[in-house]
Amino acid sequence: MSTSVDVKTLLIDGQEVSARSGQTILEVAKENDIYIPTLCHLDGLSDVGACRLCVVEIKGNNKLFPACVTSVFEGMEVTTVTERLQKHRLTILEMLFAERNHICSVCVANGHCELQTLGQEQGLTHVRLPYRNPELPVDASHERFTLDHNRCIMCTRCVRVCAEIEGAHVWDVMGRGIDSMIISDLHEEWGKSSCTRCGKCVQVCPTGALFDKSKIGSDHPKYPDFLPNLNLMREAQ
Amino acid sequence: MIVMDDTSCMVNVARFFIEFCMTESCGKCIPCRAGTAQMHTLLTRICAGHGTMDDLDLLVELCATVKETSLCGLGQTAPNPVLSTLKYFKHEYIDHIVHKRCPAGVCNMEAPVAAESPVEVLA
């Protein structure tokens with residue numbers, strides 16, 4: 001069996017980079033310090049390509065490709081910043097802000113929110129779409145954490161971390177379309193579910209949808225960086 | 001291609017198709033989940049006679065984003081009825097927005113412009 005690594009050479013934003021076969025555009029871009037905005041992606045979790053913020057253009061194809069789930073090929077020419085891409089990214093962010101309730105000033109994650117950071121970074125100055133403001137419940141039945149559906153952006157990071165890393169698979173998605181919601185177990189209260197109280201979902205949640213009860217009204221920074229390290233340690237065992 | 005006569009309101013037809021796509025959307029990707037819902041809101045607004053020309057521009061922008069960034073075929077084709085009706089029957093949209101009139105007589109324009117309850121001043 002050959003142990004040689006299949007190396008691909010490609011261009012990202014005019015910069016020549018090399019990658020291993022099977023790597024995604026996002027992985028290669030990160031290795032080479034090229035920034036691509038992401039929201040549902042998190043290092044250490046599987047990718048679902050749901051948020052569509054990481055869309056990039058590939059020369060020779062008019063379609064847009066999500067960088068987190070598109071594998072590299074030899075001679076690929078990727079562009080990560082164009083007027084068309086920026087416009088779509090802004091519209092997607094606008095849709096997210098208008099979808100539920102994202103009033104930063106009264107949010108527990110204010111200042112530590114990935115959605116807020118992306119909005120600032122991408123230059124989202126106002127939302128033109130009508131706010132939907134659906135009436136959604138807040139599940140505070142858990143002794144340590146709270147789930148506020150109004151802040152949820154359905155990135156499914158909590159679902160993935162609970163199933164893939166913790167192995168409990170407490171979280172899942174209920175319903176479909178605009179009515180879909182995150183549920184614990186088979187739509188039971190979080191406090192009565194099979195939750196192991198590890199708190200990983202709270203740390204990976206990009207917004208204030210999952211938060212620690214002891215941090216209400218105060219700074220609530222999150223630390224999702226533990227995941228790659230945890231994965232490395234597990235692989236070493 | 002779909003054949004219809006002049007008793008079908010094109011804005012209402014577009015709204016019908018978007019409503020179908022909105023309820024069929026799985027909700028995984030943002031453009032399809034939130035985009036179809038927003039388009040439905042805007043089209044409902046236009047059908048009710050509350051639409052503005054800005055809503056129409058917004059609708060076109062939403063169509064482009066949903067079409068180009070959606071994950072699967074449902075989202076990528078969802079805006080087509082809106083785009084086709086806008087391409088061939090833009091005057092019907094204008095009639096709804098500017099003249100508050102539905103040429104096919106389908107949309108109910110009787111609805112009050114602003115559904116606000118009259119303000120009562122209590123001394």
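Keep in mind the model is a prediction, meaning the values are calculated, not measured. Order of the sequence lines sets the chain letters (A, B, ...), proteins ahead of strands, with each chain counted from 1.
Put simply, of Leu129(A), Asp179(A), Val173(A), the one with the most heavy-atom pairs under 4.5 Å next to chain B is Leu129(A). Highest contact tally toward chain A, considering only Glu61(B), Arg45(B), Gln38(B), is held by Gln38(B) [criterion: heavy-atom pairs under 4.5 Å].
Atom OG1 of Thr65(B) is separated from atom CG of Leu90(A) by 9.5 Å, given to the nearest 0.5 angstrom. Once rounded to the nearest 0.5 Å, the distance linking CD of Glu68(B) with CZ of Arg52(A) reads 12.0 Å. One distance of note links CZ of Arg176(A) with CD of Glu24(B); it measures 4.5 Å at 0.5 Å rounding. Within the model, atoms CE of Met39(B) and CE of Met95(A) stand 8.5 Å from one another, a figure rounded to the nearest 0.5 Å.
Within a 6.0 Å radius of CG in Asn61(A), other residues, nucleotides and ligands contribute more than 12 heavy atoms. At most 12 non-hydrogen atoms from other residues, nucleotides or ligands lie less than 6.0 angstrom from CZ of Phe20(B). Within 6.0 Å of atom CZ in Phe73(A), more than 12 heavy atoms from other residues, nucleotides or ligands are found, so the atom counts as buried in its surroundings.
Side chains of Leu62(B) and Arg128(A) form no contact here, defined as non-hydrogen atoms less than 4.5 Å apart.
Proximity to chain A at a heavy-atom threshold of 4.5 Å picks out Ser70(B), Leu71(B) from residues 70-89 of chain B, in numerical order.
Summarising the geometry of Arg33(B) relative to Ile153(A), their closest heavy-atom pair is NH2-O, 3.2 Å, with the distance given to 0.1 Å. In terms of heavy atoms, Pro130(A) sits closest to Leu42(B) at CD-CD2, 4.2 Å. Ile178(A) approaches Ala37(B) most closely through the heavy-atom pair CD1-CB, 3.7 Å.
The side-chain contact (heavy atoms from CB on, under 4.5 Å) with Thr69(B) is formed by just one residue from the set Lys63(A), Arg89(A), His88(A); it is His88(A).
Contact of Thr41(B) with chain A is made through the side chain alone, with heavy-atom distances under 4.5 Å. Heavy-atom distances place both the backbone and the side chain of Val48(A) under 4.5 Å from chain B.
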